[in-house]
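Report on the structure given below.
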There are 2 protein chains.
Amino acid sequence: MQRVSLKFLAKELGVTEGTVSRALNDYPDISKATRKRVLEVAEKFNYKANQTARRLATGVAEAVAYLMPPNTNTIAEPFVSQLLEGIGASLAKRGWDLLVVQASSAETEVETVEKLSTSGRVSGVVISRPYKNDHRIALLKKYNMPFIVHGRSLQSDDYAWFDVDSEQAFQDAVTHLASLGHQRIGFIGAPLDYNFGQMRLDGYKKGLLANGLGFDDAIVEIAEMTDEASEAAALNFLQSSPAPTAILCATDTQAIGALAAVRSMGLIPGQDMSIMGYDGLDFGKHTNPPLTTMAQPQSNSGREICDMLLAIIDGGNPVDYQELRRAKLVRRMSDGPVRP
Amino acid sequence: MQRVSLKFLAKELGVTEGTVSRALNDYPDISKATRKRVLEVAEKFNYKANQTARRLATGVAEAVAYLMPPNTNTIAEPFVSQLLEGIGASLAKRGWDLLVVQASSAETEVETVEKLSTSGRVSGVVISRPYKNDHRIALLKKYNMPFIVHGRSLQSDDYAWFDVDSEQAFQDAVTHLASLGHQRIGFIGAPLDYNFGQMRLDGYKKGLLANGLGFDDAIVEIAEMTDEASEAAALNFLQSSPAPTAILCATDTQAIGALAAVRSMGLIPGQDMSIMGYDGLDFGKHTNPPLTTMAQPQSNSGREICDMLLAIIDGGNPVDYQELRRAKLVRRMSDGPVRP
DNA sequence: CTTGATTCCGAAAGCGCTTTCGGTTTAGCG
DNA sequence: CGCTAAACCGAAAGCGCTTTCGGAATCAAG
């Protein structure tokens, strides 16, 4: 099969390669007639430009990388594929590529980012789940690589990000639980090296304060974001005394573990013990009982995130692209008034 | 920031670009001494080759594309991100890139594949969820693009694939249900334009036959692969008469919908009505009740799939890379003996 | 007609790397 | 020492495209 290149088309048309290129790329200094001719012949031979060559010539990578967070294979974490779909849709408008990059471990993460920044294969990067002090962010800034963060690190005023205000959300959650009469609310948190882990804990604390409730670290535990780890933590709470009457979890996955713990004690979640999660994952509808949670806005965030990134690549000021969304309570069956 | 290129290193070292390239790429005709010098200086300046240029020069894309199936955002479908992780891990060994490509619709799918095959940006492709007669496969063959299919189309003897024998699995599932005394087993299937939809239906039929049970299309329905659609289908079965005593579903997601239907009728899944799914998704542990299912082998299939693809890219014969795995029953609580 | 401005296209350089070819050095050996 | 073979590296072409520069052709205006 004859590879159809620019040169081939040029020969076919009896013009020069430059002319063909100009016609194909809508340059102004080309006559209507030749453009039409070129387009026709290109169509006829099903010409598709060699992207590699084009990239080398123009110097623009026409690609964006998504840095996969490690260990997403916890129970049912569809957020990655949803995000990718959104990013892909945004990129499709320009015909750009989506690269998925992952670091095998936390140590190699930095090296991965470095390679990404210097090897010139992408025009921008989106990263998820930032740490409090995220080296990746520092590197991206250092190398002047356009990027956007899905989430926020501790110091977040000088780059672009898209986040949900989980601190507010956890404050709201505590208030909701307090309004149901709960005075002793446990908390199962996410690792604090993730900034969202810290923010959710802070929100929990603020919520306690706002509702006149005391903080007791006997019923606060930081756990891995798996159902098993959370189940163990919840079990501890349940066997302590005084036991909490409600448990707030940093993620839906953890909440599901807590649900299991409550049931395993012969108690009924939502009646004997209230459980709340955060994320708003769809399958929370199908847990036993259905999970009450603080839901992130459903919208196609991947698309929005990538649109913002593209705007920055086009020269926009990163600081102008900071979006904070609000989570909202979706009540299902795992919460209820405190038992008398 | 001075971009460090080959030319830069060459000047720095007082040698020619070719020499630096040879040193960096472990060519034989280079002295130990200069190689060492080059490596040191490259390290010092943190040189990373421009991948685009290297690709153009070598003609190998050093990248593989994963074609995302459309509409994966059904409830909890973590399989995409798991697959991507595996593929990424396999690619990492060579330092190749993973491109994620999606078609906005079924029509553009063909065009997407065509562009992928001719634009020279990837060395291979993996596709998921083939249709019975999949145009993408035909195109990939036509363009001689190395590829592997996650699943199988109807005619699958002349290309590489990795699949789980779901026909066998559904036969096994029926046998299991029959061994519990069920004589009337309903089936909620997946769309038949997907070949796995057909194979699962075939397996169900074979299972009936093998167990001396009759086929009744009143309790067979093809539904979209969502919890809602399946719930509606299950509701129909439950209100028919005679109603089935068990329902087998083509996917776990559908089984979860069926669970909801059963509960909504005031019945207890696993006691009044047996429900079985297929996939073995982790969160089946947490449904109400926990879901009995035919589980696909847990192993990191993304990695295996990509390893196979790489072998083909290296010149292997696609036909030598066909893997059929077997699903196994994992019993949880949604099945049980038929009621007297 | 002549002139200046336009319009259009050919020629050619260049993007950053790889790789062939050939020439110079050095080593090996009688 | 002289000769051949091997080891090493410089020169240069080339991957397929973009883009600048300038020249030829066309046009409008004087």
Side-chain angles (χ1 to χ4, degrees), chain A residues 1-39 41-42 45-63 95 97 115 117-123, chain B residues 1-39 41-42 45-63 95 97 115 117-123:
Chain A
M1 183 169 301
Q2 161 71 27
R3 177 133 207 82
V4 340
S5 61
L6 258 198
K7 193 199 290 190
F8 174 85
L9 288 189
K11 198 159 286 175
E12 195 73 20
L13 284 156
V15 297
T16 195
E17 296 179 40
T19 305
V20 180
S21 172
R22 271 185 290 252
L24 259 19
N25 295 319
D26 276 340
Y27 269 63
D29 54 345
I30 187 95
S31 75
K32 293 262 181 217
T34 46
R35 168 175 299 149
K36 183 150 166 291
R37 270 195 337 126
V38 171
L39 260 356
V41 176
F45 288 102
N46 195 22
Y47 171 77
K48 299 279 190 305
N50 178 318
Q51 293 216 19
T52 309
R54 144 186 281 255
R55 282 170 190 176
L56 183 57
T58 58
V60 1
E62 299 193 343
D97 284 342
K115 178 133 182 252
S117 307
T118 53
S119 71
R121 56 182 164 167
V122 296
S123 316
Chain B
M1 185 169 302
Q2 162 72 27
R3 175 135 208 83
V4 340
S5 61
L6 259 198
K7 193 199 292 190
F8 175 85
L9 288 189
K11 196 159 289 176
E12 194 73 20
L13 285 154
V15 298
T16 193
E17 295 180 40
T19 305
V20 180
S21 172
R22 271 186 291 251
L24 258 21
N25 295 320
D26 275 340
Y27 269 63
D29 55 343
I30 187 94
S31 75
K32 293 264 181 216
T34 48
R35 168 174 302 148
K36 184 150 167 291
R37 268 194 339 125
V38 171
L39 259 357
V41 176
F45 288 101
N46 195 21
Y47 171 77
K48 299 278 190 305
N50 179 318
Q51 294 217 18
T52 309
R54 142 185 282 253
R55 282 170 191 175
L56 183 57
T58 58
V60 2
E62 300 193 341
D97 284 342
K115 178 132 182 252
S117 307
T118 53
S119 71
R121 55 182 165 167
V122 296
S123 317

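By convention in this document, chain letters (A, B, ...) are assigned in the order of the sequence lines, proteins followed by strands, and residues within each chain are numbered from 1. The model shown is predicted, which means the values in this text are computed figures rather than measured ones.
Interface limits on DNA chain C: the 5'-most and 3'-most nucleotides within less than 4.0 Å of chain A heavy atoms are C:dC8 to C:dG16.
A search for side-chain hydrogen bond (donor to acceptor under 3.5 Å, both in side chains) contacts involving A:Lys7 returns nothing, not counting sequence neighbours. Listed by chain and residue number, B:Glu40 satisfy the salt bridge (Lys or Arg N to Asp or Glu O under 4.0 Å) test with B:Lys36 (two or more places apart in sequence, or in another chain). Every residue was checked against the salt bridge (Lys or Arg N to Asp or Glu O under 4.0 Å) condition with B:Glu17, not counting sequence neighbours, and none meets it. Applying the ring-ring contact (aromatic ring centres under 6.0 Å, His included) criterion to B:Phe45, with sequence neighbours excluded, gives B:Phe8. Evaluation of the side-chain hydrogen bond (donor to acceptor under 3.5 Å, both in side chains) rule for B:Lys48 yields B:Asn46 as partners, not counting sequence neighbours. For B:Asp29, the salt bridge (Lys or Arg N to Asp or Glu O under 4.0 Å) test picks out no residue, with sequence neighbours left out. By the side-chain hydrogen bond (donor to acceptor under 3.5 Å, both in side chains) test, A:Thr16 pairs with no residue at all, sequence neighbours left out.
The stretch residues 52-62 of chain B comes close to DNA chain C through B:Ala53, B:Arg54, B:Ala57, B:Thr58, each having a heavy atom under 4.0 Å from the strand. DNA chain D is contacted by A:Glu17, A:Gly18, A:Ser21, A:Arg22, A:Asn25, A:Tyr27 of residues 17-33 of chain A, taking any non-hydrogen atom closer than 4.0 Å.
What you find for A:Gly120 and A:Ala61 is that their closest heavy atoms are O-CB, 3.8 Å. Nearest heavy-atom pair across B:Ala63 and B:Arg121 is CB-O, 3.7 Å.
B:Asn50 places a side-chain N or O within donor-acceptor distance of the main-chain N or O of B:Thr52, the cut-off being under 3.5 Å. B:Ser123 places a side-chain N or O within donor-acceptor distance of the main-chain N or O of B:Glu62, the cut-off being under 3.5 Å.
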Steps toward side-chain contact (heavy atoms from CB on, under 4.5 Å) verdict (A:Val4, A:Glu12) = CA-CA 10 Å; A:Val4 340; A:Glu12 195 73 20; over 6 Å; no

Could you go step by step and tell me if A:Asp97 and A:Gln51 meet the side-chain contact (heavy atoms from CB on, under 4.5 Å) rule?
-> CA-CA 10 Å; A:Asp97 284 342; A:Gln51 293 216 19; 4.0 Å; yes

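At least one side-chain heavy atom of A:Asn25 sits less than 4.5 Å from a side-chain heavy atom of A:Arg54. In this structure, A:Leu6 and A:Leu24 have side chains that are in contact, with non-hydrogen atoms separated by less than 4.5 Å.
Note on the helix from C:dC1-D:dG30 to C:dG30-D:dC1: terminal axis deviation equals 40°, with five pairs used at each end and the result rounded to 10°.
Nearer the 5' end of DNA chain D, as judged by each residue's closest nucleotide, is the contact made by B:Val15, out of A:Ala49 and B:Val15.
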So which protein nitrogen or oxygen atoms get under 3.5 Å of nucleotides 23-25 of chain D's nitrogens or oxygens?
none

